[in-house]
Each structure stands twice: as C-alpha cells, then as structure tokens.
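Written below as structure tokens is the structure these notes are about.
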Amino acid sequence: MGTPAQTPHRIAMTPAARRALDAAARLFYERGIHAVGVDLIAAEAGVTKKTLYDRFGSKEQIVVEYLADRDERWRTFLAERLDAAGPDPRARVLAVFDATGAWAVDLSPRGCSMVNAHAEISDPTHPAHPVITGQKQWMLDLFTRLVADIAPDRAGELARALMLLHEGALVAHGLGIFPDAAASAREQARALLG
C-alpha cells in the first residue's frame, strides 16, 4: 500500500498562532503559497512578524501547519460521513464521493488544497511535501481498505481507479470544468463497483 509518510513536525497553537494560521490558510488557499508573504499574514492576523517567527520559526512551518490542519479537518469530516454510511462497503465508497462533493462546495471552491500546494511545492525536501503526498497516500489506502471486501483479488487496481476518479473530480471542480464533478465521479465509481 505504499510507504508510510513522514510525520511532519507540528507546533502547539497559542491564540495568536491560531489567528495567524487561520489568516495564512485563507490567504494561501485564495492567492497561492508563494504569493503570500509573512508580512501579509501578520497584518491579516493582527500579530507582529516577530510573533510569527517566534511561534512558527519559518514560513515553511506555517505552510506545514496549514496543510496538516486542512488534512485533519478533511479526515474528521470524512470519518463522520463514513460512519453515517454504515457497514456496507459499497455505500462507504460512495460516501467518500458524497463527502468530497459537500467539502468541495463548502470548503474548496478553488479545488483541492493539496493539489494546489503541490503545484507550488514539488521539492520533496520541502517540509510540507510529506503532508501533501501523505494525504494522497492516505486516500489511496482508504480506498484500498474500503474495496477489500468487495473485490479482494483486485482491491489495489480498483482502489487506484477510484483514486483517479476522486482526484479528477477535485481538479475538475477547482477548474470549473463542469458542474458537480464529484457527483459525476460518484456515478462512475458506482459503475466500477458493480
């Protein structure tokens, strides 16, 4: 199922750090990571640059926190929907696409934050790179676990196909290629599951 992702270094959040992270998250998502400097983050959060550097140490660590926090929120959001779907493995796979559709509309109008970040951070030595690739590996592993009871002899192949549908839906949504990409991907997933 792939190699385990590195666990990124994380920091404890003070109220000022949380304000800074919230401002950075909004700015990074709306404008791009490279386009946003620490001066703007500090101004938007109402903190000093010194506070940012004292708490985070670097802009790279702010990026790590932004992506790791977003990933944690996605996993919690998805877990709630998987729990609500019950034990049927097909229903649980389809619940992933339903969750993606809801998340995309409400929290990701510009597409997947991990895909967007990877467009800017492709260097594997960047401290945020393992967060990005780890999130996608986690999704592939999730699909593999979900389909293991449906098609144990081809779980890896089916999981990769579902992952491609899922990621394609996220990109299509972010680009505004066609409406409700997650619902289209869900129907393709339903057909793959038989």
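- Side-chain contact between Gln135 and Ser113 is absent, with no heavy-atom pair separated by less than 4.5 Å.
- Side-chain heavy atoms closer than 4.5 Å link hydrophobic residues (I, L, V, M, F, W, Y) into clusters, and following such links, possibly through other members, connects Trp138 to Val93.
- Residue Lys59 comes nearest to Val38 through the heavy atom pair CB-CG1, 4.0 Å, listed as atom of the first residue, atom of the second, then distance.
- Interatomic distance, CG of Leu21 versus CZ of Arg26, reported as 12.0 Å (0.5 Å rounding).
- Under the 4.5 Å side-chain criterion, counting only non-hydrogen atoms from C-beta, Glu167 is in contact with Lys136.
- The pair Arg18-Asp22 meets the salt-bridge criterion, with a side-chain N (NZ, NE, NH1 or NH2) lying under 4.0 Å from an Asp/Glu carboxylate O.
- Leu162 is not listed as a side-chain neighbour of Val96, based on a closest heavy-atom distance of 4.5 Å or more.
- Residues Thr144 and Met163 form no side-chain contact, since every pair of their non-hydrogen atoms from C-beta on lies 4.5 Å or further apart.
- Using a 4.5 Å heavy-atom threshold, the side chains of Arg55 and Met13 count as separate.
- Judged purely by atom type and a 3.5 angstrom limit, His173 uses its side chain to pair as donor or acceptor with the backbone of Ala104.
- Shortest non-hydrogen contact noted between Ala172 and Ala181 is CB-CB, 3.9 Å.
- Annotation: cation-pi geometry satisfied between Arg81 and Phe77 (NZ/CZ under 6.0 angstrom from ring centroid, within 45° of ring axis).
- Looking only at side-chain heavy atoms (C-beta outward), Ile41 and Val47 stay at 4.5 Å or farther from each other.
- A cation-pi arrangement is present between Arg70 and Tyr29, with the terminal nitrogen or guanidinium carbon under 6.0 Å from the aromatic centre and inside a 45° cone about the axis.
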- Item | Test log, rule side-chain contact (heavy atoms from CB on, under 4.5 Å), inputs Val131 and Tyr66 | CA-CA 10 Å; Val131 179; Tyr66 153 61; over 6 Å; no

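- Nearest approach of Ala16 to Thr51, heavy atoms of both residues: CB-CG2, 4.2 Å.
- Classified by interplanar angle (parallel below 30°, tilted 30° to 60°, perpendicular above 60°), the ring pair Phe97/His166 is perpendicular.
- Hydrophobic clustering, defined by side-chain heavy atoms of Ile, Leu, Val, Met, Phe, Trp and Tyr closer than 4.5 Å, groups Phe178 together with Val115, Val171, Leu175, Ile177.
- No donor-acceptor distance shorter than 3.5 angstrom exists from the side chain of Glu60 to the backbone of Pro127, with no hydrogens or angles considered.
- A salt bridge links Arg10 with Glu72: at least one charged nitrogen is closer than 4.0 Å to a carboxylate oxygen.
- Leu52 and Leu67 fall within a single hydrophobic cluster, where Ile, Leu, Val, Met, Phe, Trp and Tyr are joined by side-chain heavy atoms under 4.5 Å apart, directly or via other members.
- For the pair Met139 and Leu78, the minimum side-chain heavy-atom distance is below 4.5 Å.
- Side-chain atoms of Gln137 and Asp141 form a donor-acceptor pair, as typed in the model, at a separation below 3.5 Å.
- Residues Trp74 and Leu94 share a single hydrophobic cluster, defined by chaining ILVMFWY side chains whose heavy atoms lie under 4.5 Å apart.
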- Task: Could you walk me through whether Ile33 and Asn116 pass side-chain contact (heavy atoms from CB on, under 4.5 Å), step by step?
- Result: CA-CA 9 Å; Ile33 292 167; Asn116 296 347; over 6 Å; no

- Task: Please test His129 against Asp123 for side-chain contact (heavy atoms from CB on, under 4.5 Å), starting from the C-alpha separation and ending with a verdict.
- Result: CA-CA 7 Å; His129 195 267; Asp123 179 1; 6.0 Å; no

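- The shortest heavy-atom contact between Arg19 and Gly46 is NH2-O, 4.2 Å.
- Contact between Ile150 and Arg90 at its shortest, heavy atoms only, is CG2-NH2, 3.5 Å.
- Neither Leu158 nor Leu164 shares a network with the other; the hydrophobic side chains, linked directly or stepwise wherever heavy atoms of I, L, V, M, F, W or Y lie under 4.5 Å apart, form separate groups for each.
- Of all the heavy atoms in Gly101 and Ala182, the pair that sits closest is CA-CB, 3.4 Å.
- The distance from atom CG of Leu165 to atom OG1 of Thr100, rounded to the nearest 0.5 Å, is 11.0 Å.
- The backbone N or O of Ile11 lies less than 3.5 Å from a partner atom in the side chain of Glu65, making a donor-acceptor pair.
- Here the CE-OG1 distance, from Met114 to Thr133, works out to 10.0 Å after rounding to the nearest 0.5 Å.
- Note on Glu187 versus Arg190: salt bridge recorded, some NZ/NE/NH1/NH2 to OD/OE distance being below 4.0 Å.
- Using a 4.5 Å heavy-atom threshold, the side chains of Val64 and Phe56 count as separate.
- Note on Phe143 and Trp103: same hydrophobic cluster, where clusters join Ile, Leu, Val, Met, Phe, Trp and Tyr whose side-chain heavy atoms are under 4.5 Å apart, directly or indirectly.
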